[in-house]
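Have a look at the structure below, then the notes.
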Amino acid sequence: MAAPKSEAELAKLAILKDELYETIKDHGSETRTFSQADLKDLGVIPGNNTMMLLNIIQMLTNEKLLVGLQLPGGEIGWRWRSREDAKKYTSLPDEATMLVYSEIDQAGQDGVWIRHIKLRTNIQDATLKACIKFLESKGFICPMTNVEMPNRKMYIRADLKPSERATGGPWFTDGELDEAFIKVIEGIIFEYIKTHSAYFSRGTALPQRQPKKGVVTAEVRGVKRTATDISNDDATPAPPAVKAAPPPPKKKEMFLPMPAGYKKYPTVNDITEFIINQRVSTAMLGVADIQALVDVLVFDGLVEPIKVNNRKGYRVVRPTMQDTMSYAKRQQERESHPELGDADLGPTPLSSAVTEAPCGKCPVFELCQEGGPVAPSTCVYFQEWLGLKEKPAVANGTAPP
Amino acid sequence: MLVTAPLAEFCTLTIDEIYGELPSRIYASLLMRGRSTIQQLAGDTGMNPRQLRHGLALLLQHNLLYYHLDAGSPHHVYEANVEHAYNLTRTGKILQMVEEGQGPAAKDVMQTIILTGQTRVGDLIDAYQKRIDRVNRIKEALKAEDPFGDSTESHGVNGDTPPENKPKPNPQSSKSDPLITSTVQLKAIICKLVEAELLISVHKTTFESPEDLLATIESDIKKTYPGGEVKGNKAKAEYKDKVAEALRKQRSESRSLKRKLEQNGLSAKRRKLFDGAASANGTPEGEMDIGIDPQQVICLNYEKCLVELRNRRLMQFAAESFGTTTSFVYASVLNILSKNISRCRDDPIIDHYEKDDERPAPLVVTTAQILDALRTSLDLSSGLGQVDAEKISVTAAEKITEHAPRKKFFIDAEAEVDGDASSDEDEEEDVKPSLDLDYRPATNGVNGVNGTHVTNGVNGTAKRVDRRTRLRQHLLLLSESTQGFLRHCAADEWTIDFVPLMTNLRQAEIDATIENTAGREGIRLVRMLRAKGKLDEKAVMSVALMRKADMLKKLAEMHKHGFVQTQEVPREAKADVKKSFFLWYFDGAMTLERVLDVSYKTMIHCLQVLDMLREKDQHVLSLIKRSDVKGQEDDKLRKIHQEKLTQFLKLERMLLGQIQRVDDLVAVLRDY
């Protein structure tokens with residue numbers, strides 16, 4: 001490689017270098033890889049001088065403004081790096097730190113496991129630790145946790161946010177599944193689906209049908225009415241309305257199923273929109289996140305998907321068994337009686353005959369046999385169930401001998 | 001039916017409970033050793049032939065045995081009829097069902113038949129005649145004593161006793177007030193029950209076990225082939241068809257009685273005459289005798305009873321899903337349809353048809369039929385939400401599904417059924433609500449909550465929606481359901497695909513059991529695994545949105561209960577356990593078996609606990625067996641004994657009730 005010959009030439013190269021850098025920046029993001037041909041085609045270098053181009057690239061690489069990397073075909077390609085980032089590199093004290101930082105930098109939002117750094121860079125443990133310590137103290141990198149591999153010690157560039165894959169999406173806080181948050185959002189979604197997919201009946205019975213006002217009475221029928229009668233029709237007071245029947249006994253408030261073909265069952269998009277509009281959470285909840293939660297509700301057997309005209313909405317199951325207490329009221333109650341704890345959503349599960357009898361939940365069911373150490377005829381659970389014996393304060397694991 | 005050890009034990013215990021130890025010991029031996037001759041039984045049970053014959057006669061009387069005589073063999077072989085033995089548990093339910101469906105008098109007859117087992121019609125009539133005579137004598141005597149008694153009653157002439165009888169001065173007479181007051185009424189009831197297929201005639205193949213019957217028929221048909229062998233695919237198919245046809249012929253024999261009734265013109269129309277005032281109008285009693293030969297032996301038909309019981313369960317299922325009004329509509333549909341359904345499940349051999357066109361057409365019911373059958377007291381306007389017409393897509397609601405769903409349908413609810421793709425295209429129809437007469441908003445003053453305050457534009461008065469439209473709304477709701485309650489198979493024609501519907505119900509029952517055992521998280525995991533197949537821990541965790549520790553705990557707990565299974569998949573050839581994947585999955589069939597097993601055992605335990613209680617209160621129970629105490633427990637027993645007795649009866653009711661409830665579950669899982 002020919003060395004630059006004179007001051008003027010160097011200045012010219014410096015100008016071209018800046019020019020090339022700016023042009024590259026114009027042509028794509030930091031993730032785009034430029035091959036040599038791409039750079040040539042930019043038309044910055046006068047006369048398409050390959051030698052000169054390589055010289056300039058070398059200068060840019062030295063200043064960490066370009067990052068060289070191997071392309072799949074064995075060719076070499078480059079990506080550009082912003083001046084601020086480049087400055088970080090140039091401020092690093094030694095080669096090892098620079099290598100470590102570049103590994104972390106390359107990993108981007110996913111972060112990198114410290115063992116991977118060691119494997120790739122071949123730096124000794126002590127040195128690596130020192131490098132990491134230095135970078136951390138400078139505020140260039142910070143540790144992170146990945147929900148998929150929570151035990152791995154990982155680092156990420158300090159100015160980047162860990163990717164969704166690493167954090168596990170909005171349902172995770174600091175790498176831990178945020179169950180309380182999920183429960184709240186779940187409750188809101190369930191309430192939304194419940195009130196929007198079932199009909200709320202206040203329980204007032206339908207009023208009796210009554211004859212319309214101005215009905216033709218029996219005496220009048222058959223007698224021709226005079227013209228004056230007809231013209232006065234509006235003026236004469238209507239026959240006194242039949243005294244309204246006493247209001248029918250109030251029935252229970254309840255939810256009722258919607259008629260078949262109902263088009264407005266809430267879809268996941270509707271629910272997402274509602275959640276966003278209500279500003280329930282500061283976390284950004286996308287359609288996919290809400291879908292995951294709705295799926296959980298489906299698996300819980302609380303709502304079911306229903307397709308009407310290819311529009312997939314969700315509706316609440318067993319609408320008539322849902323409780324009709326409003327969300328706000330329930331929330332209030334929960335706050336005033338925190339000792340009751342969080343009740344499960346939806347109606348109580350259908351009962352199962354097997355689990356009603358003591359056997360269905362018996363811990364020693366497999367051992368239980370007449371003549372065995374535990375036998376039905378001596379079973380304490382049965383005695384409790386039949387009310388023959390008071391429930392002991394602490395339930396024994398097995399029947400008494 | 002697969003006879004597992006707990007099932008066998010339960011059947012033996014039931015027979016012990018009802019008929020005593022002698023038959024139950026014979027039965028237990030038959031279950032344990034398989035089919036045996038009387039000599040073998042004597043060897044196994046150590047009973048003498050006299051005892052054995054007693055026991056066997058009793059078991060045969062109640063249709064709890066099969067017997068078979070092989071050609072050339074001098075001895076009959078006996079085999080346990082487990083199905084009927086199990087069905088003994090359902091006696092109470094069947095009686096209740098008969099009472100609700102056919103009236104208390106029919107229940108009385110049914111009860112007598114169940115108590116006596118197979119009965120000759122003549123004997124039954126004689127027995128009732130005696131009872132009636134006795135009651136009449138008492139009545140006469142009473143009347144003579146008390147001239148101000150209810151002299152208006154005319155027993156033996158009137159069709160049925162008015163239920164609102166005045167209270168009699170003598171408590172004993174009111175207790176024994178018979179529901180059957182004449183043999184004419186009795187015969188009418190028998191006819192009615194035969195026609196409902198709840199009673200069938202006993203004939204010579206009744207006691208053949210299905211396997212023996214099949215073997216006999218197969219060998220008979222094989223003889224018609226050259227060399228006694230069936231060769232070639234075509235011949236095999238033909239042979240299969242012939243066997244099925246012969247079996248069907250055999251099966252229909254038990255219904256010969258019903259057919260005979262129909263031929264004699266004693267079917268519904270005629271009978272109605274007898275039921276009502278006809279007998280009072282002096283119709284000769286003898287005319288009824290054409291109906292049933294007094295020598296004819298009849299017995300209870302459990303298959304049909306199960307169909308009726310299934311209807312009740314399905315109605316309950318509909319009530320759980322959509323509310324009571326809709327469930328009453330559904331009950332009407334079921335009642336009409338099940339008139340022509342003889343059994344819950346088709347037999348794979350008997351109901352095998354080589355060609356599709358020979359297969360009996362699915363039963364359908366029209367809207368008009370349902371409307372005619374609905375109770376007038378049922379308010380169809382309740383139980384359904386009311387919304388604006390423009391929020392309803394008529395095309396989607398009225399979608400007609402011509403063909404039964406394919407087998408996969410109930411697993412993947414989203415699967416599109418053939419032929420309904422076209423209905424998605426004419427969406428523009430939805431924009432014209434004015435055409436949708438069916439869905440005029442019903443405005444009867446019920447306020448919608450979601451801003452659907454519905455008022456009719458004209459003058460605010462209620463617009464009348466006719467009953468038929470309302471009925472259709474309920475039917476359409478049922479058709480739309482994901483459970484597949486109903487299928488709208490043609491315009492205004494409806495049918496029920498029982499196989500997928502029952503699969504859904506079974507799944508719901510299993511889900512309820514799991515949910516009650518493992519909680520909501522448990523059922524979440526199970527449903528997830530059912531929907532997605534085999535998953536490894538990480539995938540389970542991300543879909544279920546559960547903490548890893550919680551999830552593993554729950555999965556392990558359910559694995560212990562047998563609800564979920566694991567599969568180990570090695571990552572490499574060395575199959576290092578530490579590096580293997582563990583896939584979790586849900587096996588429906590295995591879980592079903594498991595729940596059934598637990599159910600049988602629960603029922604056994606209930607019976608055993610009952611036994612224990614009986615032993616404990618032996619001294620009281622032996623007292624009430626004494627003839628001088630029987631019937632007058634209140635007067636003769638000491639107070640402490642009375643209290644003990646009431647307590648015992650309460651516990652007995654509880655335990656037997658629990659068995660009934662568990663049986664409800666077993667029925668859904670196994671029989672319906």
Side-chain angles (χ1 to χ4, degrees), chain A residues 148 171 177 179 182 195-196 198-202 204 206-207 209 212 256-264 292-293 295-296 298-301 304-310 312 317-321 344 349-357 359-361 365 368 370 375-377 379 382 386 388, chain B residues 320-323 381 383-387 391-397 413-414 424 427 444-450 461-462 473 476-477 479-480 482 509 511-513 515-517 520 523-524 527-528 538 543-545 547 595 598-599 601-602 605-606 608-609 612 651 654 658 661-662 664-665:
Chain A
E148 286 172 17
W171 308 125
L177 192 70
E179 279 181 332
I182 292 176
T195 48
H196 285 74
Y199 180 84
F200 182 68
S201 159
R202 291 198 190 289
T204 39
L206 309 174
R209 273 195 308 131
K212 281 180 189 165
L256 295 175
M258 287 294 185
Y262 183 61
K263 284 191 291 187
K264 304 282 178 181
L293 220 48
D295 281 346
V296 167
V298 172
F299 290 136
D300 278 351
E304 62 181 0
I306 176 138
K307 225 172 187 180
V308 175
N309 279 342
N310 268 353
K312 188 175 166 193
V317 297
R318 297 193 279 148
T320 51
M321 299 201 178
D344 273 344
L350 296 172
S351 67
S352 169
V354 182
T355 47
E356 279 166 11
C359 298
K361 288 175 175 169
F365 183 75
C368 188
E370 280 302 332
S377 53
C379 175
F382 254 110
L386 291 169
L388 293 177
Chain B
E320 278 161 9
S321 308
F322 293 115
S381 63
L384 205 57
Q386 285 152 354
V387 287
K391 286 191 180 163
I392 298 294
S393 154
V394 176
T395 38
E414 288 165 45
D424 301 331
E427 198 128 333
N444 299 329
V446 184
N447 291 340
V449 69
N450 309 327
T461 48
Q473 286 185 353
L476 290 170
L477 178 68
S479 315
E480 195 196 46
T482 43
E509 283 279 9
D511 283 359
T513 307
E515 186 162 2
N516 281 305
T517 318
R520 177 149 296 160
I523 191 63
R524 178 191 302 176
R527 283 222 186 84
M528 204 178 78
K538 266 178 200 156
V543 182
L545 286 181
R547 255 180 244 242
V595 174
V598 173
S599 307
K601 280 186 184 155
T602 306
H605 291 174
C606 283
Q608 282 167 342
V609 170
M612 182 268 291
L651 296 180
M654 244 175 119
Q658 185 61 32
R661 289 192 36 75
V662 176
D664 279 339
L665 175 69

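Computation of the quantities below employed the complete heavy-atom set of this structure, encompassing side-chain atoms and omitting hydrogens, waters and symmetry-equivalent molecules. Proteins get letters first, then strands, A, B, ... in listed order; numbering begins at 1 in each.
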Counting only non-hydrogen atoms closer than 4.5 Å, does [X] touch chain A with its backbone (N, CA, C, O), its side chain (CB onward), both, or neither?
X        : value
B:Asp664 : neither
B:Leu665 : side chain
B:Glu515 : side chain
B:Ser321 : backbone

- Message: So which residue, B:Arg661, B:Glu509, B:His605, B:Lys538, ends up with the most heavy-atom pairs under 4.5 Å with chain A?
- Response: B:His605
- Message: If we define contacts as heavy-atom pairs under 4.5 Å, which of B:Arg547, B:Lys601, B:Met654, B:Met612 has the most with chain A?
- Response: B:Arg547
Does any backbone or side-chain atom of [X] lie under 4.5 Å from a heavy atom of chain B? Answer side chain, backbone, both or neither.
X        : answer
A:Asp300 : both
A:Leu386 : both
A:Thr320 : side chain

Quick one: closest heavy-atom pair of [X] and [Y], and the distance?
X        : Y        : result
B:Gln658 : B:Cys606 : CG-SG, 4.1 Å
A:Cys359 : B:Thr602 : CB-OG1, 3.5 Å
A:Pro319 : A:Leu256 : CB-C, 4.2 Å

- Item | Between A:Ser377 and B:Gln608, a side-chain donor and acceptor under 3.5 Å | no
- Are B:Leu384 and A:Pro257 side-chain neighbours, meaning at least one heavy-atom pair lies under 4.5 Å? yes
- With a 4.5 Å heavy-atom cut-off, do B:Glu480 and A:Val308 have their side chains touching? yes
- From CZ (A:Arg318) to CD (A:Glu304), nearest 0.5 Å: 11.0 Å
- If you tally heavy-atom pairs under 4.5 Å between each of A:Pro376, A:Gly360, A:Gly301 and chain B, the highest tally belongs to A:Pro376
